[in-house]
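In listed order, ligands and their atoms are each counted from 1.
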Amino acid sequence: MSRPIVSRIPSTKLLYCPRQFRWSQRLVYFKHASGRYSSSKSPVPLPVLAPLPPTLKQKAAEVVYSDLPSGTTVTVNGWIRTIRKHKKYAFVNILDGSHDKVLQLVFNDPDRVNDLRVGVSLTVTGTIQRRQIPADPYEILVESYNVLGSVPEDEPYPLQNKYLSQDYLRRELPTIRFRSLSSGVAMRFRSRAVSELARYFDENEFIQTHPPLITSSDCEGAGEVFTVVSESSETPFFGKQGYLTVSTQLHLEALMMGLSRVWTLSPAFRAEKSITSRHLSEFWMLEAEVAFADRLEHIMSLVEGLLRTALTRLKESGALESVLSVKTYLEGQKSQDGHGEDKDQEITRAQVLQRWDGMLQNAPWKRITYKRAVEVLKQAEKEGKARFESSAEYGDNLKSEHEKWLASQYAQGPMFVTQYPSQLKPFYMLPTPGSCGGTVECFDLLVPDLGELVGGSLREFDYTRLKASIERTGVDAGDLEWYAELRKWGSVPHGGFGMGFERLICYLVGIYNIRDVIAFPRWVDHCVC
Ligand code: 4AD
Ligand code: MG
């Protein structure tokens with residue numbers, strides 16, 4: 001089939017725009033080489049199939065899109081969030097996690113809610129009552145309801161409608177927290193982000209691949225691997241030691257040698273004992289590898305283009321607005337209810353906006369070498385502009401405090417630090433031409449408040465030089481022969497990167513701890529559920 005040429009033509013058809021239930025007059029059409037137009041929303045013809053019970057988000061879209069008049073009968077499902085009884089009426093708010101809005105149910109006899117409790121799941125049939133509130137355009141006047149799942153009468157519902165810190169939700173309510181607004185918005189944003197990142201790769205001819213999670217080598221050579229053993233076998237199950245992957249990079253390189261541009265979003269496992277707000281033992285890493293890329297700039301531009309495009313689209317689609325409206329709501333709730341023993345470091349709505357503005361600034365993101373970064377840090381300390389627990393020294397890894405200062409104070413936005421000394425980086429990186437092996441062609445992308453978000457490099461693509469590097473750095477060559485041999489059969493210059501997916505999400509959603517943007521976080525001494 002011919003590749004579509006994207007063109008926009010005016011259309012009278014309305015498109016649902018999730019921002020505050022407003023409607024857009026634009027519809028994107030694809031023009032095929034044949035001259036035919038097809039709409040991006042044109043339905044695929046299907047036989048008559050049973051529709052799923054609609055979500056509250058779908059129902060809201062239908063009410064507004066089809067302009068359903070007051071009095072139309074509808075059926076909705078959800079969990080009760082609040083119950084308010086008045087003299088003549090009772091109001092019950094339900095939600096279902098499909099978006100951050102609650103739907104108000106109106107009972108014209110308050111006694112009809114006597115059997116209902118917060119947390120109960122139910123199906124409700126009633127009539128639409130249109131309202132003149134743009135953010136909340138309708139409510140349901142209840143005719144009948146059916147409780148699907150009750151809650152114990154003698155126990156308080158754990159997810160009370162008051163401010164609950166992320167820390168509390170994670171510790172005390174690890175499974176039910178997905179019904180909370182804060183967890184819900186993070187999970188929905190995560191899902192939208194995957195779609196937008198995938199879309200960018202797709203549009204740029206990258207092939208999504210699925211490298212293995214069980215490996216025979218430690219990609220980063222940092223000794224942070226988990227070993228895979230079988231309870232039932234006395235000898236190594238795979239005939240040799242197996243590990244959970246710390247990064248799929250090496251296998252991605254093999255795929256790249258045949259497919260040119262590849263990417264994956266895969267779990268990665270690291271037995272790091274660092275108990276910080278930005279480390280997990282199991283996390284998701286977005287990785288890409290690009291053949292024929294012979295300048296570090298290629299890879300940095302790929303990262304910048306990917307993030308700028310995905311963020312712009314997330315913003316346009318209303319995902320940022322949802323994040324901000326939940327934040328505003330929670331900030332209000334917190335100031336009203338108090339925060340108790342809140343261990344979360346607060347990230348305000350204004351800070352979230354600042355982060356997005358920084359990522360989407362007009363100017364290209366700053367790029368400086370590691371050498372220059374160390375000079376800048378030393379100078380700042382000397383001039384009293386910064387105080388660090390330990391001073392930056394050429395030849396040492398940048399500490400988290402240095403990374404945060406560089407991005408927050410020096411660049412005031414995302415910045416690439418390039419060409420680190422080779423002894424600080426893994427064996428596979430390409431030496432900087434003319435540096436006599438002193439530095440390597442690599443970068444870390446640093447962002448304010450968080451520090452390292454992405455690590456990437458050009459890869460050594462010469463067999464003999466890679467073998468020499470493996471020997472020099474002392475990694476186990478036996479397990480890496482297959483990797484070195486990739487360089488034997490038509491090797492090409494190439495490079496790639498890895499981005500911590502949870503770091504990206506907590507940065508953009510303004511959640512302090514990385515553990516709160518992954519469903520079931522694992523870290524040292526913690527593996528709940
Ligand atoms: O910098 P790292 O260790 O790079 C690699 O693993 C390369 N092999 C990636 C590649 O080039 N394909 O990890 C990449 C990113 C980091 O920048 C960080 O954002 C994230 O992964 N990361 C973690 N995220 C959560 N918890 C951890 N323990 C993490 N360790 C690294
Ligand atoms: Mg790194």
Side-chain angles (χ1 to χ4, degrees), residues 206 209 211 215 217-226 243-256 261-290 293 296 298-300 302-303 306-307 370 397-400 402-404 407 414-418 420-421 424-430 440-447 449-460 475 480 483 494-508 511 513-518 521-524 526:
F206 278 76
T209 59
T215 68
S217 54
D218 173 359
C219 166
E220 294 300 288
E224 291 168 343
V225 286
F226 287 102
Y243 307 105
L244 291 179
T245 188
V246 294
S247 155
T248 65
Q249 177 196 320
L250 306 190
H251 294 92
L252 216 49
E253 283 184 63
L255 286 154
M256 172 277 304
R261 296 181 188 181
V262 291
W263 77 282
T264 186
L265 176 59
S266 304
F269 306 88
R270 295 197 181 179
E272 276 174 290
K273 291 210 167 159
S274 26
I275 308 180
T276 76
S277 57
R278 45 179 222 156
H279 287 92
L280 289 163
S281 304
E282 177 181 346
F283 62 100
W284 288 70
M285 205 196 292
L286 181 95
E287 291 179 277
E289 214 57 42
V290 187
L296 196 57
H298 286 141
I299 311 301
M300 291 191 287
L302 169 63
V303 171
L306 168 73
L307 287 174
Y370 162 88
N397 257 320
L398 295 181
K399 305 269 184 312
S400 167
H402 303 143
E403 294 178 341
K404 288 179 188 170
M415 72 182 287
F416 292 101
V417 178
T418 63
Y420 285 65
L424 298 179
K425 292 291 178 183
F427 66 94
Y428 51 71
M429 293 187 178
L430 187 74
V440 280
E441 287 300 276
C442 70
F443 66 84
D444 277 359
L445 175 68
L446 312 180
V447 292
D449 311 328
L450 182 84
E452 180 188 341
L453 175 62
V454 183
S457 70
L458 294 181
R459 322 302 191 191
E460 176 56 79
V475 267
L480 290 169
Y483 175 70
H494 64 282
F497 71 87
M499 171 164 63
F501 188 58
E502 284 76 18
R503 289 196 187 176
L504 176 73
I505 302 300
C506 66
Y507 187 67
L508 297 177
I511 286 181
N513 199 319
I514 195 171
R515 295 170 197 158
D516 299 320
V517 297
I518 188 165
R522 275 83 174 90
W523 71 100
V524 64
H526 287 81

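- Residue-to-ligand polar distances place Gly500 within reach of ligand 1: an N/O pair is separated by less than 3.5 Å.
- Less than 4.0 angstrom separates some heavy atom of Ile514 from each of these atoms of ligand 1: 25 (C).
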When you look at Leu453 and Met499, which way does the side chain to side chain contact (heavy atoms under 4.5 Å, CB included) test go after all the steps?
CA-CA 6 Å; Leu453 175 62; Met499 171 164 63; 4.2 Å; yes

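- For atom 26 (N) of ligand 1, the nearest non-hydrogen atom of the protein is Leu280 N, 3.0 Å.
- Leu302 has its side chain within reach of Phe206: a pair of non-hydrogen atoms, C-beta onward, lies under 4.5 Å apart.
- Here the side chains of Tyr428 and Ser457 are in contact, with some heavy-atom distance below 4.5 Å.
- When each atom of ligand 1 is checked for a heavy atom of Gln249 under 4.0 Å away, the hits are 7 (C), 8 (N), 10 (C), 11 (O), 12 (N).
- No side-chain heavy atom of Met285 sits under 4.5 Å from any side-chain heavy atom of Gln249.
- Residue contacts with ligand 1, taken as heavy atom pairs separated by less than 4.0 Å, involve Arg278 solely via the backbone atoms N, CA, C and O.
- When non-hydrogen atoms are compared, ligand 1 lies under 4.0 Å from the side chain of Phe283 (C-beta onward) but not from its backbone.
- Here Leu453 has backbone heavy atoms under 4.0 Å from ligand 1, and that is the only part of it that gets that close.
- Counted by atom type alone, Ser247 and Glu287 present one or more donor-acceptor pairs between their side chains at under 3.5 Å.
- Side-chain contact between Ser281 and Glu224 is absent, with no heavy-atom pair separated by less than 4.5 Å.
- Remark: minimum distance from atom 18 (C) of ligand 1 to any protein heavy atom is reached at Arg503 NH1, 3.5 Å.
- Atoms of ligand 1 found under 4.0 Å from any heavy atom of Gly455, numbered from 1 in the order shown, are 11 (O), 17 (O).
- The option with the heavy atom closest to atom 9 (C) of ligand 1, from among Arg515, Glu287, Glu224, is Glu287.
- Near Gly498, the atoms of ligand 1 lying under 4.0 angstrom from a non-hydrogen atom of the residue are 9 (C), 10 (C), 11 (O), 12 (N), 14 (C), 15 (C).
- With contacts defined as side-chain heavy-atom distances shorter than 4.5 Å, the pair Phe269/Arg522 does not qualify.
- For Phe497, a nitrogen or oxygen atom sits less than 3.5 Å from a nitrogen or oxygen atom of ligand 1, counting backbone and side chain alike.
- Using a 4.5 Å heavy-atom cutoff, the side chains of Leu480 and Leu250 are in contact.
- When heavy-atom distances to ligand 1 are checked against a 4.0 Å cut-off, Arg459 comes that close only through its side chain, counted from C-beta outward.
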Kindly indicate, with the supporting measurements, whether the criterion salt bridge (charged side-chain N to carboxylate O under 4.0 Å, His left out) is fulfilled by Glu220 and Arg270.
CA-CA 10 Å; Glu220 294 300 288; Arg270 295 197 181 179; 5.0 Å; no

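- Residue contacts with ligand 1, taken as heavy atom pairs separated by less than 4.0 Å, involve Val454 solely via the backbone atoms N, CA, C and O.
- Considering only non-hydrogen protein atoms, atom 28 (N) of ligand 1 sits nearest to Glu272 OE1, 2.7 Å.
- Using modelled atom types and a 3.5 Å distance limit, the side chains of Thr248 and His251 yield no donor-acceptor pair.
- Using a 4.5 Å heavy-atom threshold, the side chains of Ile505 and Trp284 count as separate.
- Using a 4.5 Å heavy-atom threshold, the side chains of Asp218 and Val475 count as separate.
- A heavy-atom separation below 4.0 Å is not found between Leu252 and ligand 1.
- At a heavy-atom distance under 4.0 Å, atoms from both the backbone and the side chain of His279 approach ligand 1.
- Of the protein's heavy atoms, Glu452 OE2, 2.6 Å lies nearest to atom 17 (O) of ligand 1.
- Inclusion of Glu452 in the first shell of the Mg ion (ligand 2) is supported: an N, O or S atom falls under 2.8 Å.
- Between the side chain of Asp444 and the backbone N or O of Leu446 there is no donor-acceptor pair closer than 3.5 Å.
- With a 4.0 Å heavy-atom cut-off, ligand 1 is reached by the side chain of Tyr428 but not by its N, CA, C or O.
- Looking only at protein heavy atoms, the nearest one to atom 6 (O) of ligand 1 is Arg270 NH2, 2.8 Å.
- Closest protein heavy atom to atom 4 (O) of ligand 1: Glu220 OE1, 3.8 Å.
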For Val303 and Phe443, what are the C-alpha separation, side-chain angles and deciding distance, and is it a side chain to side chain contact (heavy atoms under 4.5 Å, CB included)?
CA-CA 11 Å; Val303 171; Phe443 66 84; 4.0 Å; yes

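- Residue contact annotation: Glu502 has no non-hydrogen atom under 4.0 Å from ligand 1.
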